[in-house]
Amino acid sequence: MSDVKQTEAQGEKIVLITGASSGIGEATARTLVKAGHKVVATARRKERLDALVEELGSDKVLAIAADATDYDQLAKVVEQAVAHHGRLDVAFANAGTGVSQAGTENGDPEEWKRVIDININALLWTAHATLPHLRERKGHFILTSSVAGRANHAGSIYSSSKWFAYGFGQNLAMEMAEWQGRCTTITPGMVNTAFFDEPKPDKLDPQDVADAVLYAISASPRANIREVHLVPTW
Ligand SMILES: NC(=O)c1ccc[n+]([C@@H]2O[C@H](COP(=O)([O-])OP(=O)(O)OC[C@H]3O[C@@H](n4cnc5c(N)ncnc54)[C@H](OP(=O)(O)O)[C@@H]3O)[C@@H](O)[C@H]2O)c1
């Protein structure tokens with residue numbers, strides 16, 4: 001039996017995670033490896049990805065530093081992932097950022113470009129670069145939208161970018177269904193990560209979102225977990 005067939009038979013999935021250097025992506029990498037999967041971790045900060053490899057093992061985590069807003073860099077990450085593992089089962093498009101200057105009239109158009117680049121364009125690049133490989137595996141695309149992508153927030157460009165992500169996730173699910181692929185949109189409420197300047201210990205933990213990703217990819221192939229909406233209990 002080839003290596004690919006053998007690990008597939010054992011239920012192991014090869015999962016690409018963007019934004020794996022911190023917060024939700026980092027917690028998801030840990031959780032998936034502990035559950036027996038292999039992770040291709042990408043983000044810009046190489047030293048943080050290397051620390052993850054050190055912690056979880058180079059046989060479990062392949063770290064490739066890249067800026068997800070650069071299509072060519074991201075496409076190379078996907079190429080390297082597939083060359084290394086021979087397949088790609090799941091892509092988790094999670095990299096994203098917030099807006100520091102609130103509102104539209106008082107917002108900063110230069111900052112919006114950066115936010116749109118990572119929250120919208122990089123999401124599209126991740127889908128475009130991974131879909132041919134996911135199709136071969138009847139694979140799974142997962143993305144991090146937000147509770148802010150399902151509710152209105154006065155003048156918020158961040159919320160608008162997450163509305164895009166939410167709508168895209170629904171549309172992509174329909175396209176992937178044509179070949180029995182699955183697509184899950186995760187819409188978390190506030191999570192205690194570096195996304196915020198101040199700690200939010202009373203809100204969701206990144207682990208809670210990582211558990212949602214594991215739930216989605218562990219479901220029976222006949223069940224497509226289209227959305228996971230999770231908010232802090234208190
Ligand atoms: N925290 C919340 O309350 C919350 C709630 C709902 C949704 N979300 C969403 O959850 C996702 C993850 O955020 P988080 O809360 O885990 O925050 P975080 O800890 O700040 O993580 C953000 C991740 O995105 C990566 N990233 C940012 N710009 C990038 C770029 N140009 N290229 C590649 N990677 C880039 C960062 O890595 P590098 O800096 O190393 O590149 C980092 O790994 C985001 O999409 C966010 O909008 C967060």
Side-chain angles (χ1 to χ4, degrees), residues 11-43 61 68 74 77-78 81-82 85 87-96 118-150 161-177 179-189 191 193 204 206-230:
E12 177 193 86
K13 292 183 192 285
I14 308 299
V15 184
L16 171 75
I17 302 176
T18 74
S21 63
S22 161
I24 292 168
E26 184 182 7
T28 303
R30 276 196 192 98
T31 299
L32 297 192
V33 164
K34 283 180 190 145
H37 303 295
K38 286 194 175 138
V39 164
V40 179
T42 186
V61 180
L74 194 64
V77 172
V78 176
V82 173
H85 288 294
R87 68 182 208 261
L88 182 67
D89 300 300
V90 182
F92 180 29
N94 164 72
I118 186 67
N119 291 8
I120 296 181
N121 290 335
L123 166 62
L124 297 179
W125 304 160
T126 307
H128 189 261
T130 58
L131 280 174
H133 304 289
L134 296 180
R135 175 190 278 272
E136 282 180 22
R137 305 282 307 155
K138 291 191 169 64
H140 199 150
F141 193 86
I142 305 180
L143 61 112
T144 315
S145 172
S146 169
V147 73
R150 297 170 39 130
S161 75
K162 291 299 178 179
W163 272 100
F164 177 92
Y166 184 78
F168 175 67
Q170 306 306 308
N171 292 351
L172 186 64
M174 290 173 70
E175 181 175 313
M176 292 179 71
W179 39 267
Q180 292 88 53
R182 298 188 286 177
C183 181
T184 303
T185 300
I186 304 188
T187 55
V191 188
T193 70
L204 293 171
Q207 182 65 52
D208 301 323
V209 186
D211 289 342
V213 175
L214 182 60
Y215 161 66
I217 70 168
S218 306
S220 158
R222 73 178 164 263
N224 183 5
I225 310 296
R226 286 276 297 266
E227 290 184 39
V228 181
H229 181 54
L230 68 163

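Worth saying up front: this structure is predicted, and the values here are computed from it rather than measured.
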### Task
Go through the structure and list residues passing side-chain hydrogen bond (donor to acceptor under 3.5 Å, both in side chains) with T184, not counting sequence neighbours.
H140
### Query
Can you tell me how far CG of L32 sits from NZ of K13, rounded to the nearest 0.5 angstrom?
10.5 Å
### Task
Count the heavy atoms belonging to other residues, nucleotides or ligands that lie under 6.0 Å from CZ of R135, then report whether that count exceeds 12.
no
### Task
Only pairs at least two apart or in different chains count here, so list each salt bridge (charged side-chain N to carboxylate O under 4.0 Å, His left out) that has a residue in residues 165-175.
none
Distance-only donor-acceptor pairs under 3.5 Å for side chains of residues 118-125, two or more places apart:
from: N119; atom 1: OD1; to: T97; atom 2: N; distance (Å): 2.9
from: N119; atom 1: ND2; to: T97; atom 2: O; distance (Å): 2.9
from: N119; atom 1: ND2; to: S161; atom 2: OG; distance (Å): 3.1
from: N121; atom 1: ND2; to: D117; atom 2: OD1; distance (Å): 3.0
from: W125; atom 1: NE1; to: T69; atom 2: O; distance (Å): 3.2

### Task
With rounding to the nearest 0.5 Å, note down the distance linking OG1 in T42 to CG in L74.
7.0 Å
### Query
If you measure from the Lys or Arg side-chain nitrogens to the Asp or Glu carboxylate oxygens, is any gap between E136 and R87 under 4.0 Å?
no
### Query
About how many Å separate CG of N224 and SG of C183, when rounded to the nearest 0.5 Å?
7.5 Å
### Task
Would you list the pairs meeting side-chain hydrogen bond (donor to acceptor under 3.5 Å, both in side chains) in which at least one residue belongs to residues 19-34, sequence neighbours left out?
S21-R45, E26-R30, E26-R48, R30-E55, T31-Q207
### For Q180, side chain to side chain contact (heavy atoms under 4.5 Å, CB included) partners two or more places apart
K138
### Query
H229: what forms a side chain to side chain contact (heavy atoms under 4.5 Å, CB included) with it, not counting sequence neighbours?
V147, R150, T187, V231
#### Entry: Counterpart residues, side chain to side chain contact (heavy atoms under 4.5 Å, CB included), relative to A148 (two or more places apart)
S146, H153, Y158, S159
### Query
side chain to side chain contact (heavy atoms under 4.5 Å, CB included) with A219: which residues, sequence neighbours excluded?
R182, A223, I225
### Task
Determine which pairs satisfy salt bridge (charged side-chain N to carboxylate O under 4.0 Å, His left out) with at least one residue from residues 161-172, sequence neighbours left out, and list them in order.
none
### Query
Should the ring pair W163 and Y166 be called parallel, tilted or perpendicular, given that the plane angle runs from 0 to 90° and is split at 30 and 60?
perpendicular
